[in-house]
Trainee: 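First, the structure itself, so that you have it in front of you.
Throughout, protein chains are lettered first and strands after them, A, B, ... in sequence-line order, and every chain is numbered starting at 1. Side chains included, hydrogens not; waters and symmetry mates left out as well; all remaining heavy atoms used.
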Amino acid sequence: MKTFNELNIEANVLDALAKMGFETTTPIQAQAIPTALEGKDLIGQAQTGTGKTTAFGVPMIQKIDPENKDVQGIVIAPTRELAIQVGEELNRIGHNKGVKTVPIYGGQDITRQIKALKRRPQLITATPGRLLDHIRRRTIKLQNIETVVLDEADEMLNMGFIEDIEAILAEMPQKHQTLLFSATMPKRIQLLAEKFMNQPEIVRVKSKQLTVDHIDQYYYDVKENQKFDVLCRSLDIESPDLAIIFGRTKKRVDEVVEGLLKRGYSAEGIHGDIPQVKREKVIKRFKDQATDILVATDVAARGLDISGVTHVYNFDLPQDPESYVHRIGRTGRAGKKGSAYTFVTPREMDHLKTIEKLTKRQIEKQSFPTYKDVMEGLQEGAIEELKQTVWAHEGDNYREAAKRLLSEEDAVDVVASAIKLLAKEPSQTPVNLTSVEPLRVKRVKGGGQQNNRGGRGGNQNRRGGGGGGRRRRNNQKQDGGNRRNNRNKNQ
DNA sequence: AAAAAAC
């Protein structure tokens, strides 16, 4: 494993990386940084969560002349949140060098962006449409662009941005370096590379490194109308620190949020019809752990890097098997462990098999969570919470109160009552979801998938038995109605 | 058919 020190990175960038806690490189970084530093065009076939942003950010920033106040680099990303996030990371990497990055995306007041651009950032991270808008308004000038990065190129293709991308690339007046990152390399992206790139070097992260080894994957075999109750039970048993729940449609997301709120969970939703300002607030609250549960469409499936996400739920199977990998990649980040639970209705079982083939991992069937499981889980959690507070009361006057109580009541009864008080019965408020969208799967001819993953097929069945209930509960509910709204952060 | 994205 290589460290950043070995890669000819200039001191102040290296220093910034160290401050960010980055020492050893990921495979894509080790391969892409030296190539990009040589000034070569590069195609990086790598997925989200592999350290891509640093892989292109370091060479991009190293190349910048901080005395020059023109825009010297542009990153194009498929979603607004991603543009924001990449911008934040570039700002950190470029901080010591005095390199400024401004995110440019739709849904935000354009005069505000023009003001930010007047402060002369050297880097811009953008979504395609708004970037094009600025280019045509001449509020972003391209004459000194040195580097262009296309992030998640295949996703931009899927979302129909390819014409915008081509229009942007065609506007570039002079020679520049182009770095293209894509999880898959469909024909259309290859053509784009041929047209706009100059003898690109191809860097591939091996298939095995693409898979998500530290994420435990499970599925629940459910009927459509059981999903919501199973979700709540699973949340009660698992007690995630932070969870993301993916739904298939915007309406679906709204309904799940509403249902969760009705039952006392702390949840917020995000999708493309939510006003941009609210979207950013929702993400911020979730990052700050002020909200425990984020319910989302695939707008949040790619690239979002939120630390502390312990659980991902696929409330609905994703249409596109690729999307499954991206969704579950929101957990288990930075080497931490994560769990992914997928709800599968009987007619969707074939689709699940397709996903298993793609990820080369078996997704383990999880037994239906019973009410008894939930109560056991809640009780265990309550016991855990009690245990954590036991020593805290040493020597204070609560001990005296406890002695008085124990002189009157049976000790076991007292503790049992305490557990019962803490292990609040889950809300049974009826919730009825109406937005059942049947899954439509593209028919694929003769197995000719367009995903050239370069690996063998077949499952690598890595975990045999141990199908039973595993439970880890850390945080516990507080009192009454807003039990999930207050979090017990201190151990 | 849905999702995302420029006004």
Trainee: Does OP1 or OP2 of dA3(B) have a side-chain N or O of Arg327(A) closer than 4.0 Å?
Mentor: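 Negative; the distance criterion is not met.
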Trainee: Gln276(A) CD to dA5(B) P: how many Å, rounded?
Mentor: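 Roughly 7 Å, once rounded to whole Å.
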Trainee: Is it true that Asp229(A) and Arg233(A) have a side-chain N and a carboxylate O under 4.0 angstrom from each other?
Mentor: no
Trainee: Atom OH of Tyr324(A) to atom C1' of dA3(B): distance rounded to whole Å?
Mentor: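 The distance from OH of Tyr324(A) to C1' of dA3(B) comes to 20 Å, rounded to the nearest Å.
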Trainee: Taking CG from Leu131(A) and P from dA4(B), how many angstroms apart are they, rounded to a whole number?
Mentor: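 Spelled out: CG on Leu131(A) to P on dA4(B) is 21 Å.
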Trainee: What nucleotide among dA2(B), dA4(B), dA5(B) has an atom nearest to a side-chain atom of Thr249(A)?
Mentor: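 Shortest atom-to-atom distance from the side chain points to dA2(B).
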Trainee: Can you measure Ile274(A) atom CD1 to dA3(B) atom P for me and round it to whole angstrom units?
Mentor: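 Atom CD1 in Ile274(A) sits about 12 Å away from atom P in dA3(B).
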Trainee: It should be established whether Arg80(A) places a side-chain nitrogen or oxygen under 4.0 Å from OP1 or OP2 of nucleotide dA4(B).
Mentor: no
Trainee: In whole Å, I'd like the distance from the CD1 atom of Ile165(A) to the C1' atom of dA6(B).
Mentor: 14 Å
Trainee: If you compare every side-chain N and O of Lys250(A) against the phosphate oxygens of dA4(B) (OP1, OP2), does one of them come in below 4.0 Å?
Mentor: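 Lys250(A) to dA4(B) OP1/OP2: side-chain N or O found under 4.0 Å.
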Trainee: Taking OP1 and OP2 of dA6(B), is either one under 4.0 Å from a side-chain nitrogen or oxygen of Thr127(A)?
Mentor: yes
Trainee: For Glu152(A) and dA5(B), give me the distance from atom CD to atom C1', rounded to whole Å.
Mentor: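 In whole Å, dA5(B) C1' and Glu152(A) CD are 15 Å from each other.
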Trainee: Calculate, to the nearest 0.5 Å, the distance between atoms CD1 and CD1 belonging to Ile283(A) and Ile270(A) respectively.
Mentor: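 So the CD1 of Ile283(A) and the CD1 of Ile270(A) are separated by 4.0 Å.
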Trainee: Nearest to the side chain of Arg136(A), heavy atoms from C-beta on, is which of dA6(B), dA4(B), dA1(B)?
Mentor: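 Selected nucleotide (nearest to the side chain): dA6(B).
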Trainee: Give one of base, sugar-phosphate or nothing for Arg137(A), where a contact means two heavy atoms less than 4.0 Å apart.
Mentor: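 Since no nucleic acid heavy atom lies under 4.0 Å of Arg137(A), the category is nothing.
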Trainee: Quick one: is Thr79(A) getting a side-chain N or O under 4.0 Å of the dA5(B) phosphate, OP1 or OP2?
Mentor: no
Trainee: What's the spacing between Thr331(A) OG1 and Ile215(A) CD1 if we round to 0.5 Å?
Mentor: 6.0 Å
Trainee: Between dA4(B), dA2(B), dA1(B), spot the one nearest the side chain of Gln319(A), thanks.
Mentor: dA1(B)
Trainee: Under 4.0 Å between a Lys/Arg side-chain N and an Asp/Glu carboxylate O for Arg252(A) and Glu255(A)?
Mentor: no
Trainee: Using whole Å, report how far CD1 of Ile270(A) lies from P of dA2(B).
Mentor: 20 Å
Trainee: Rounded to the Å, how far apart are Glu348(A) CD and dA1(B) P?
Mentor: 18 Å
Trainee: Could Glu348(A) and Lys353(A) be called an ion pair, given the rule that one side-chain N must be under 4.0 Å from one carboxylate O?
Mentor: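 So Glu348(A) does not pair with Lys353(A) through a salt bridge.
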